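What follows is a set of notes on a single structure, which appears directly below.
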Number of protein chains: 2
Amino acid sequence: MRIGELAAVSGLSVHTIRYYERIGLMPVASRNGSGHRSYAPQTLAWIEFLGRLKTTGMPISEMLRYAELRERGVDSEAERQALLMMHRKAVRARVAELMECLDVLDAKIAGYGEHPTIKAQQ
Amino acid sequence: MRIGELAAVSGLSVHTIRYYERIGLMPVASRNGSGHRSYAPQTLAWIEFLGRLKTTGMPISEMLRYAELRERGVDSEAERQALLMMHRKAVRARVAELMECLDVLDAKIAGYGEHPTIKAQQ
DNA sequence: CTACAACTTTGAGTGCGCTCTAAGTCAAGA
DNA sequence: TCTTGACTTAGAGCGCACTCAAAGTTGTAG
C-alpha cells in the first residue's frame, strides 16, 4: 500500500502521514524500489487507534510516549496499559464535565421564552 | 471591581480578560476616574458562562456570535436560544463519541495481560 | 516624597497540530 | 518520446487561543 492509498482509506492527508512519521507517531515506513513508502495493511489499525486517542483529547506528546513504548515491544505492555488507564480516567472526567455543562445549557435554553420574572434570574 | 480582582475570582488572567474585550467577547468595560476598567459583579456570571461554552468546545468565533446577539438585547433571544440548541446537539454528539472511544479503550486495556492467543487478535 | 503595585496601550511572540510550497524523481499510458 | 500524476525532501506558513513585552500612568502605604 502506498501513501496515497493509505491516506484515502485512513482519512488522514498524505502530508499528515509523513508528519506523523517524522515526529515518531508512526514507525519509519519501509520503501519500495523507487524510494516510495510501502505500508502493511495493519498500519490502518494503528492510525485508527491514534485517531481514537486524538478524538479523546490526548496530546501528541502523550501519543508519542505510547508509540515509543509500542516500538519497544512486548515488554512495555504493562506501561502501555497503565498509560491507557490514566487516559481513560481523564476521558471519563471529561465526559462528566461535558454532562455537567449540558445541564447548564439545558437550563439556559429552557430559560429563554419563560416569564420575564423567571427570566431575570438567569 | 477592577480587572485584577475579576481575574482572581474568575480564574482568567488579566491578559485574557483584556483580550476577550478586545475581540468582542466581553462588553467594553466602563472606566473609573483614572481610566481603569471597572466591572459589575454580574460580569463574573458572564465569564463563567463563556467558560462553559469554551469547555464544551465552542470556538471563539461562535461565542462571538452569541456575545453579539446578547449585546443586541431582548429581541435576539430566539436566535440565542437556537444557537445554544445547536451547540447542545453538538455537545451531545461529542459525549456519544467519547463514550464510544471509552469502549475501545476498555477493550484495549482488557486485552493487555490476557492469553497470548487472544492478545494477538488485538 | 518615595517606592511599589496595579493599571493602561499597541503589538509581538508562543505552542499546538497540522498544512502547504518548492523543487525534484519516478512509472506508466497515449 | 511526452505527459501526467504519484511520489520524494526540507523547510516555511497557518489558524487558534492565548500570553507576554515594552513603555508609560495612576493610587496608596510608609
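Being a predicted model, the structure only gives us computed values, none of them experimental. To find a chain, count down the sequence lines: A is the first, B the second, and so on, and within it residues start at 1.
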Query - Cationic N near anionic O, under 4.0 Å, A/R2 to A/E5 - result: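 Answer for the salt bridge query: no.
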
**Report entry** Side-chain ion pair, B/R18 and B/E21, N-O less than 4.0 Å
**Finding:**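 Salt bridge: no.
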
Requested in this report: Tell me which residues in residues 35-60 of chain A put a heavy atom below 4.0 Å from DNA chain C, sorted by number, or none.
Outcome: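 Output list: A/K54, A/P59, A/I60.
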
Requested in this report: Report, as yes or no, whether the 6.0 Å neighbourhood of atom CD on B/E100 holds more than 12 heavy atoms from other residues, nucleotides or ligands.
Outcome: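 No, the 6.0 Å shell around CD holds no more than 12 heavy atoms from other groups.
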
Validation row: [X], [Y] side chains within 4.5 angstrom (heavy atoms):
X     : Y     : value
B/R92 : B/R88 : yes
B/R94 : A/T55 : yes
A/R52 : A/T56 : no
B/H36 : B/R31 : no
A/V74 : A/E77 : yes
A/T43 : A/R37 : no

Query raised in the report: Hey, what bend do you get for the helix from C/dC1-D/dG30 to C/dA30-D/dT1 if you fit axes on five pairs at each end, rounded to 10°?
Result: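 One end axis against the other gives 10°.
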
Query - DNA chain D: 5'-most and 3'-most nucleotides touching chain A, 4.0 angstrom heavy-atom criterion - result: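 It runs D/dC7 to D/dT9.
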
Query raised in the report: Going through the distances and angles, do A/W46 and A/Y39 end up as a side-chain contact (heavy atoms from CB on, under 4.5 Å)?
Result: CA-CA 11 Å; A/W46 174 236; A/Y39 293 98; over 6 Å; no

Query raised in the report: How would you list, by chain and number, every residue that makes a side-chain hydrogen bond (donor to acceptor under 3.5 Å, both in side chains) with A/S13, sequence neighbours excluded?
Result: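 side-chain hydrogen bond (donor to acceptor under 3.5 Å, both in side chains) list for A/S13, sorted by chain: A/T16.
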
**Report entry** Partners passing side-chain hydrogen bond (donor to acceptor under 3.5 Å, both in side chains) against B/R72 (at least two apart in sequence or in another chain)
**Finding:**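 Applying side-chain hydrogen bond (donor to acceptor under 3.5 Å, both in side chains) to B/R72 gives B/E79.
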
Query raised in the report: Which parts of residues 11-30 of chain B get close to DNA chain D, meaning a heavy atom less than 4.0 angstrom away?
Result: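 Hits under 4.0 Å, by residue number: B/H15, B/T16, B/Y19, B/Y20, B/R22.
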
Query raised in the report: Taking for each residue the nucleotide of DNA chain D with the nearest heavy atom, is it B/S61 or B/N32 whose nucleotide lies nearer the 5' end?
Result: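 That would be B/S61.
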
